[in-house]
Amino acid sequence: MVNKRFICAVLAGIWILMGSWVVAREKAQSSGETGPIVFQKTPVRIIRDPYPTFNGITMDVERGEVIMTDDNRGALLTYASEFAPSDRPNEPRRRIEGPKTHLGYVCAVAISPEANEIYTVDNDWKDNLTVYPLDSEGEVAPVREINVDHGAWGIFFDPKNQELVVSTEHINKLSVYPRTADGDEEPLRFIQGPNTELADPHGIFVDSEDNEIFVANHGYWHREETGGNPGTLYLGQRTRASFRRPGIANPPGPSTGKFLLPSITVYSRTAEGDAAPVRTIQGSKTGLNWPNGIYLDPVSDQLVVANSGNDSILFFDRRANGDVAPLRVIQGPTSGLDGPSGVFIDPKRHQLW
């Protein structure tokens, strides 16, 4: 747990105006420069917390509220999206925390303003996806709770198709649930198997217009059969038979584990089973290093990656494929970035958190 907390590290809410990046990139391209442009940009504003272990981040753009997960206190914290710059700790508007919430090691968060709901998953120990009213405060019980695979990390809500997509680290799997799922309900479909190239998946983004799913992978791989038994290590893993009846553990066989380079894998939104990615961003030029949060900027149509391993934010063309360098990078001591694990683009205010 200590190592995992270090991996997910500190995420400070950071606002940065986006217009200057595009201008600089266009100047560089016209001058024949190659390689990514590295911006040592100073944040416009910072949210400070006395004991920060922020992981996931999302935003209700119209209400002007940012929601972050805090696994240090097992809480969801809501902040105003606009506030005066200050060097003092920021008090959240609302907190959701306490034993009745069933929150614990919360890594990712998503919302549906239309359904007035918040969704989050617990990583490594509670194996649950919890749902709360969007305006919840204090020690509130979830209105629904889905039993998900052990080791779930990422979550994304697809409003167009009313689906929740969850990534599971330990068994290299994506699971898709209806928004209204509850209890032991099985996923509508899942992506898992040796051809998927999933390798310790974390952040997820669903592009419902182009019908694609983007997944950030750390690169720790072992062979997983499609819908296969999790084996002896994770006897509590959810199976197709029943969450409560984990099935028979197979005797341990020869190790299939290996280290791959981190990657962004892209799938058809409706892919199922042992589906190969339609594109993969992977290689030494990419700069990927423990990629966690991932988001598609609707304005520039670029993929934005919170790169935890080297304290950076990477930008790729959304159709990038292979060993390609990012278009630009935010990094350096003035950026304030320190193990970023979540990222969100606010198109209304033209800002990056």
Side-chain angles (χ1 to χ4, degrees), residues 55-61 67-69 76 96 101-124 126-134 136 141-192 196 198 201-216 227 237-240 243 265-273 275 292-296 342-344:
N55 287 329
I57 182 170
T58 191
M59 185 175 184
D60 187 334
V61 174
I67 303 170
M68 301 189 195
T69 65
L76 293 172
I96 303 174
T101 67
H102 293 179
L103 290 170
Y105 183 27
V106 283
C107 278
V109 61
I111 63 170
S112 170
E114 295 75 19
N116 194 43
E117 290 182 333
I118 302 174
Y119 315 97
T120 189
V121 288
D122 252 287
N123 178 260
D124 279 355
K126 283 198 172 183
D127 305 341
N128 61 340
L129 186 161
T130 46
V131 185
Y132 310 91
L134 192 53
S136 294
V143 294
R144 294 193 307 282
E145 195 164 5
I146 308 171
N147 296 314
V148 296
D149 292 305
H150 177 69
W153 193 95
I155 187 170
F156 189 90
F157 174 63
D158 174 2
K160 181 177 180 179
N161 298 287
Q162 294 290 293
E163 293 177 340
L164 289 162
V165 185
V166 176
S167 65
T168 307
E169 298 173 274
H170 309 313
I171 55 171
N172 301 332
K173 182 180 180 183
L174 298 182
S175 302
V176 182
Y177 297 89
R179 180 187 65 80
T180 55
D182 196 8
D184 288 348
E185 189 167 339
E186 294 289 346
L188 297 169
R189 60 189 180 276
F190 62 88
I191 300 174
Q192 184 188 37
T196 66
L198 288 169
H202 281 68
I204 312 163
F205 187 92
V206 178
D207 178 4
S208 56
E209 297 306 315
D210 283 0
N211 283 313
E212 291 185 329
I213 302 176
F214 297 82
V215 184
Q237 199 77 44
R238 185 187 182 104
T239 68
R240 296 297 294 178
F243 177 78
T265 48
V266 188
Y267 306 89
S268 167
R269 185 188 64 80
T270 57
E272 187 168 4
N292 282 329
I294 187 169
Y295 204 86
L296 184 63
V343 66
F344 190 91

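Atoms considered below: every heavy atom in the structure, side chains included; atoms not considered: hydrogens, waters and symmetry mates.
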Could you report the tightest heavy-atom contact between [X] and [Y], atom names first, then the distance?
X: I294; Y: V343; value: N-CG1, 3.8 Å
X: G154; Y: S167; value: N-OG, 2.9 Å
X: P142; Y: T101; value: CD-O, 3.6 Å
X: G151; Y: N123; value: O-ND2, 3.4 Å
X: V109; Y: G56; value: CG1-C, 4.0 Å
X: S136; Y: I96; value: CB-CD1, 3.6 Å

Is the closest side-chain heavy-atom distance between [X] and [Y] below 4.5 Å?
X: Y177; Y: E185; value: no
X: I67; Y: D60; value: no
X: F157; Y: E163; value: no
X: D207; Y: R269; value: no
X: L103; Y: Y132; value: yes
X: V148; Y: S175; value: no
X: P178; Y: L188; value: yes

message: Does Y119 form a side chain to side chain contact (heavy atoms under 4.5 Å, CB included) with T58? I'd like the steps, not just the answer.
response: CA-CA 10 Å; Y119 315 97; T58 191; over 6 Å; no

Look up atom [atom1] in [X] and atom [atom2] in [Y], then write down how far apart they are to the nearest 0.5 Å.
X: M68; Y: M59; atom1: CE; atom2: CE; result: 10.0 Å
X: N147; Y: D127; atom1: CG; atom2: CG; result: 8.5 Å
X: D124; Y: C107; atom1: CG; atom2: SG; result: 7.5 Å
X: L134; Y: E117; atom1: CG; atom2: CD; result: 9.0 Å
X: L129; Y: L164; atom1: CG; atom2: CG; result: 6.0 Å
X: I171; Y: D149; atom1: CD1; atom2: CG; result: 4.0 Å

Using a 3.5 Å distance criterion without hydrogens, assess whether the side chain of [X] forms a donor-acceptor pair with backbone atoms of [Y].
X: N55; Y: T69; value: no
X: D122; Y: Y105; value: yes
X: Q192; Y: G227; value: yes
X: S112; Y: A115; value: yes

query: Can you list the residues that meet the side-chain contact (heavy atoms from CB on, under 4.5 Å) rule with A275, with sequence neighbours excluded?
result: A271

query: By side-chain contact (heavy atoms from CB on, under 4.5 Å), which residues pair with D182, not counting sequence neighbours?
result: R144

I'd like to check the side-chain hydrogen bond (donor to acceptor under 3.5 Å, both in side chains) partners of [X]; sequence neighbours left out, ordered by chain and number.
X: E145; result: H102, N128
X: Y267; result: T265
X: S268; result: T270

- prompt: For T120 and I155, what are the C-alpha separation, side-chain angles and deciding distance, and is it a side chain to side chain contact (heavy atoms under 4.5 Å, CB included)?
  reply: CA-CA 7 Å; T120 189; I155 187 170; 5.7 Å; no

task: Not counting sequence neighbours, which residues clear ring pair (Phe, Tyr, Trp, His ring centres under 6.0 Å) with F205? List them please.
output: F156, Y295

